[in-house]
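Take a look at the structure below.
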Protein chains: 2
Amino acid sequence: MHLKIHALGAQECESCGIRANALFADLTSDDFRLIDRMIHEISVPAHTTLFDEGTQGQTLFTIRRGLVKLVRYQTDGTQRIIRLLTPGDIAGLETTVQPVYDSSAITLTEVTACRIPRTVITQLESTSPRLHAQLLRKWHEALRQADDFIADLASGSARQRLARLLLRLSKGEGCRPVLLPPREDVGAMLGITTETASRAVAAFRREGLLDPLDRQSRRFRIDAVALAAVAARSD
Amino acid sequence: MHLKIHALGAQECESCGIRANALFADLTSDDFRLIDRMIHEISVPAHTTLFDEGTQGQTLFTIRRGLVKLVRYQTDGTQRIIRLLTPGDIAGLETTVQPVYDSSAITLTEVTACRIPRTVITQLESTSPRLHAQLLRKWHEALRQADDFIADLASGSARQRLARLLLRLSKGEGCRPVLLPPREDVGAMLGITTETASRAVAAFRREGLLDPLDRQSRRFRIDAVALAAVAARSD
DNA sequence: CGCACCCTTGAAATTACTCAAGTTCAGTGG
DNA sequence: CCACTGAACTTGAGTAATTTCAAGGGTGCG
């Protein structure tokens, strides 16, 4: 398994590109000196498990590039995806409260992330009120995403759910192509079977709401307006 | 509308019965002096809206008795229940981060709650590291409940979902009767129609998993063991 | 008594699931 | 260069579950 690790100096961390919307958004240079070499940038391929539900852990990850799924395993062994993490989101936030992971985190694409020991957070939290505010904001974001998941992706017909998922994956940028996870994962996100997910995608393709840019039907150009109509349709 | 309000003195708050698992679990007497008369105990009937999604607000509520639903309204006007709050839970946590409610909170039963201005929290947070820890714990709890909602109540057949809901409402205390919300709310929680919810309840009753203690079929004695089998069934 | 509200039930239509082939495509090794 | 293979996606046909629409109870309250 190809995996790259790189310890970050205070300098690098301070000048991080996505820091604006990340956890360390407004720390001071003094703060950064404290975390020098404590944080590692890692780069892992798709289908890598960052951590498993129920296991002990002291590490959180801020996603810098790629897509991560949070999953819970059901009694029948199948998995239910409970949240999707995109750049700026944090996996393993729960370890700042209690050193056990509430769900498993698995990469859907190649992912680069920052691996942060929970001690860094707990230490900084007492010294920096700024980090504290950011942390609360992250909790709020996570909860909002979970609520959205219930309201958007667990309600309505398969067509509606898929339309909402596509719109969410496009993050409002209707022009840029959307990368759709494997159908099995689409099903696990929407609470439907793989076949139903496949049929819904095929239907959207026939209707021109979706246009594959790819032989394997992974990347699509989407018709955001038409999809929004499907997502909202009440009939 | 019958509504009772009562301003709490530091004394009363400090000796609150459910404080153990509540926000102010381990404050000092000094801390309590700060919040004297800032917190009101309110008592409201069923079907009362505590706040509405999208509105401005500076108030959070800790539930002391009763049941509260958090709902999001969908484009077709129907509501989706995204979480259930029981005693010890907090409604409106999000106002500590941003003064807008993310969902509507509506009582399902008569409810008594403590109405807390957001300023009380933000002030105490800087002075008391204990409150801070409790607050994080509350965020964690809320997120976990949201995740549970997705994994348990938005996956599987209507029968399975209902079984899981009943077990959750009984809070593991298999002996005590369960109060089931109106069928419409059951449907809104499970992502199914009112009729399907009604049929599933009727089926459980015929099979003896549920025994009405009530003419109107609201309170039930449940067969926790059999329900757990239904909830977990993979066939 | 009758009205309102909710719960229940029925029957037809729709949607989603299951099971079982095919198909496509990327990668592999001859 | 090409057939082979595995994995993922697609499709079909039958079945099961759920929704829809509509009507019929029961209960509490004025």
Side-chain angles (χ1 to χ4, degrees), chain A residues 2 45-47 74 76-80 108-109 153-163 165-166 178-207 210-220 230 233-235, chain B residues 2 45-47 74 76-80 108-109 153-163 165-166 178-207 210-220 230 233-235:
Chain A
H2 193 67
H47 317 118
Q74 325 219 64
D76 63 358
T78 63
Q79 58 180 37
R80 179 70 155 108
L108 287 174
T109 63
L153 305 186
S155 310
S157 67
R159 274 176 70 85
Q160 287 179 310
R161 297 184 196 195
L162 178 61
L165 174 63
L166 288 164
V178 169
L179 175 67
L180 201 61
R183 301 293 178 275
E184 186 179 349
D185 285 332
V186 172
M189 259 181 270
L190 305 182
I192 60 181
T193 61
T194 306
E195 294 94 328
T196 300
S198 175
R199 280 185 243 267
V201 170
F204 280 172
R205 236 165 46 181
R206 276 192 298 274
E207 297 163 23
L210 233 48
D211 200 23
L213 303 174
D214 205 58
R215 303 253 162 127
Q216 341 166 49
S217 300
R218 304 294 287 271
R219 293 193 156 280
F220 292 95
V230 172
R233 166 144 59 235
S234 58
D235 59 29
Chain B
H2 193 66
H47 317 118
Q74 325 219 62
D76 63 358
T78 63
Q79 58 181 38
R80 179 70 157 108
L108 287 175
T109 63
L153 304 186
S155 308
S157 67
R159 274 176 71 85
Q160 288 179 309
R161 298 185 194 194
L162 178 62
L165 174 64
L166 287 163
V178 168
L179 175 67
L180 201 61
R183 300 293 177 274
E184 186 178 350
D185 284 332
V186 172
M189 259 180 270
L190 304 182
I192 60 181
T193 60
T194 305
E195 293 93 328
T196 301
S198 175
R199 281 186 243 267
V201 170
F204 280 171
R205 236 165 45 181
R206 276 191 299 273
E207 297 163 24
L210 233 48
D211 200 24
L213 302 174
D214 206 58
R215 304 250 163 132
Q216 339 166 53
S217 301
R218 304 293 287 269
R219 291 192 157 281
F220 292 95
V230 172
R233 167 145 56 240
S234 58
D235 59 30

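Letters A, B, ... are given to chains in the order of the sequence lines, protein chains preceding strands, and every chain is numbered from 1.
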Exercise. Considering only C/dA11, D/dC9, C/dC7, which nucleotide approaches the side chain of B/P182 most closely?
Worked result: C/dC7

For this session: Return no unless some side-chain N or O of B/T193 is found under 4.0 Å from OP1 or OP2 of D/dT19.
Result: yes

Problem set entry | Distance, rounded to the nearest Å, where B/R218 contributes CZ and D/dT27 contributes P | 14 Å

Exercise. Looking across every strand, which nucleic acid part, if any, lies under 4.0 Å from B/T194 by heavy atom: base, sugar-phosphate, or nothing?
Worked result: nothing

For this session: Starting at atom CZ of A/R199, determine the distance to atom P of C/dA21, rounded to an integer number of angstrom.
Result: 15 Å

Exercise. Considering the terminal five base pairs at each end of the helix from C/dT8-D/dA23 to C/dG30-D/dC1, what angle separates the two local helix axes, rounded to 10°?
Worked result: 30°

Exercise. Going from OG on A/S155 to CG on A/L190, what distance comes out if it is rounded to the nearest 0.5 angstrom?
Worked result: 11.0 Å

For this session: Could you check how far CZ of A/R161 sits from P of C/dT15, rounded to whole Å?
Result: 14 Å

For this session: Compare all side-chain heavy atoms of A/M189 with those of A/P181 and state whether any distance is below 4.5 angstrom.
Result: yes

Seminar exercise, completed: Against the side chain of B/S157, the closest entry in D/dT18, C/dA16, C/dT9 is D/dT18

For this session: Give the rounded distance in Å between these two atoms: CG of B/D214 and C1' of D/dT27.
Result: 11 Å

For this session: Kindly check if the number of other-residue, nucleotide or ligand heavy atoms within 6.0 Å of CD (B/Q79) is above 12?
Result: yes

For this session: Return the value, rounded to whole Å, for the distance between atom CG of A/L190 and atom C1' of C/dC17.
Result: 15 Å

Seminar exercise, completed: From the candidates D/dT19, C/dC19, C/dC7, the one with an atom nearest any side-chain atom of B/R183 is C/dC7

Exercise. Between B/L165 and B/V186, is any pair of side-chain heavy atoms under 4.5 Å apart?
Worked result: yes

For this session: Please report, rounded to the nearest Å, how far the P atom of C/dT8 is from the CZ atom of B/F204.
Result: 14 Å

Exercise. Is there a donor on the side chain of B/R206 or the base of C/dT8 sitting less than 3.5 Å from an acceptor on the other?
Worked result: no

Problem set entry | Length of the line joining A/L180:CG and D/dA8:C1', which is rounded to integer Å | 13 Å

Exercise. Is A/S198 near enough to D/dT10 that one of its side-chain N or O atoms lies under 4.0 angstrom from OP1 or OP2?
Worked result: yes

Problem set entry | No-H, no-angle donor-acceptor pair, B/E195 side chain to C/dC7 base, under 3.5 Å | no

Exercise. Does B/A154 offer a backbone N or O that forms a donor-acceptor pair with the side chain of A/R80 under 3.5 Å?
Worked result: yes

Exercise. Heavy atoms under 4.0 Å, any strand shown: does A/R205 hit a base, just sugar-phosphate, or nothing?
Worked result: sugar-phosphate

Problem set entry | Between B/S198 and B/R183, a side-chain donor and acceptor under 3.5 Å | no

Exercise. Do the side chains of A/L166 and A/F204 get nearer than 4.5 Å, heavy atoms only?
Worked result: yes

Exercise. For the side chain of A/A202, counting heavy atoms from C-beta on, which of D/dC9, D/dT11, C/dT9 is nearest?
Worked result: D/dT11

Exercise. If you measure from CG on B/L153 to CZ on B/R161, what distance do you get to the nearest 0.5 Å?
Worked result: 8.5 Å

Exercise. Can you tell me how far C1' of C/dC5 sits from NE2 of B/H47, to the nearest Å?
Worked result: 11 Å

For this session: Taking only the side-chain nitrogens and oxygens of B/T196, find out if one of them lies under 4.0 Å from OP1 or OP2 of D/dT18.
Result: no

